[in-house]
Amino acid sequence: MSGEADLGDDPAPGDGTARDERPAQSGRAAPDEAPALDGVIHHPTRLTLVAFLSACDEAEFAAVRDGCRVSDSVLSKNASALEAAGYLHVRKGHVGKRPRTWLSLTPAGRQALDRHLAALQDLVDAARGAAGSVGA
């Protein structure tokens, strides 16, 4: 492979193998519980895809593929998983006679990313707090 990150072989969402497939409800975990990471977008390729799309309203498939540094098949598989979760909208059309596909995050996808990032930040904060209490 030509330097592409082929990260699309992990379990698909909904097959019961992801660590936690339930999206976080509030974005912040209670102090005594682990942050709820979103199992759908926690996958590295899907997280890269969602992060890329969060910076724009819509992007053409080839631009997303190149920006995320994945193959067509890996992008297609992960876009399908995000679409099935309601996080991604796929629009198909033509430019001239050439077929094109555009991808965009849904409002639910943007909210899921925000919650997931908040949960990751909670993990960082908890680790820093634990490290600080050990060294005290």
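Within the 4.5 Å cutoff, the side chain of His89 has no heavy atoms near those of the Leu105 side chain. Residues His42 and Leu47 have side chains not in contact (no heavy-atom distance under 4.5 Å, counting atoms from C-beta outward). Contact annotation: the side chain of Val64 approaches that of Leu49 to within less than 4.5 Å [non-hydrogen atoms, C-beta and beyond].
In this structure, Gly86 and Ala108 approach most closely via the heavy-atom pair O-CB, 3.8 Å. Across Phe52 and Ala63, no two heavy atoms sit closer than the pair CZ-O, 3.7 Å.
One N or O on the side chain of His43 and one on the backbone of Thr45 form a donor-acceptor pair closer than 3.5 Å. When atom types are taken as modelled, the side chain of Thr48 and the backbone of Pro44 share a donor-acceptor pair closer than 3.5 angstrom.
Between the OG atom of Ser73 and the CZ atom of Arg65 there is a distance of 11.0 Å, given to the nearest 0.5 Å. The distance from the CD atom of Gln111 to the NE2 atom of His116 is 15.5 Å, given to the nearest 0.5 Å. The structure places CG of Leu113 at 10.0 Å from OH of Tyr87, a figure rounded to the nearest 0.5 Å. From Leu120, atom CG reaches atom CZ of Arg115 across 13.0 Å, with rounding to the nearest 0.5 Å. Taking CD of Glu83 as the start and OG of Ser76 as the end, the distance is 9.5 Å to the nearest 0.5 Å.
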Would you list the atom pairs, donor with acceptor, under 3.5 Å between side chains in residues 53-60 and any protein atom, with sequence neighbours excluded?
{"unit_1": "Ser54", "atom_1": "OG", "unit_2": "Ala51", "atom_2": "O", "d": "2.6"}
{"unit_1": "Glu58", "atom_1": "OE1", "unit_2": "Arg91", "atom_2": "NH2", "d": "2.8"}
{"unit_1": "Glu58", "atom_1": "OE2", "unit_2": "Arg91", "atom_2": "NE", "d": "3.0"}
{"unit_1": "Glu60", "atom_1": "OE1", "unit_2": "Ala62", "atom_2": "N", "d": "3.0"}

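Evaluation of the side chain to side chain contact (heavy atoms under 4.5 Å, CB included) rule for Lys92 yields Val90, Thr101 as partners, not counting sequence neighbours.
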Inset, instruction - Apply the test side chain to side chain contact (heavy atoms under 4.5 Å, CB included) to residues Leu103 and Leu75: give CA-CA distance (whole Å), side-chain angles for both, the deciding distance (0.1 Å), then the verdict. - result: CA-CA 11 Å; Leu103 306 174; Leu75 177 55; 4.2 Å; yes

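Residue Val50 is tested with Val40, Asp38, Ile41 for a side-chain contact (heavy atoms from CB on, under 4.5 Å); the sole match is Ile41.
Hydrophobic cluster membership for Val95: Trp102 (Ile, Leu, Val, Met, Phe, Trp, Tyr linked by side-chain heavy atoms under 4.5 Å, directly or transitively).
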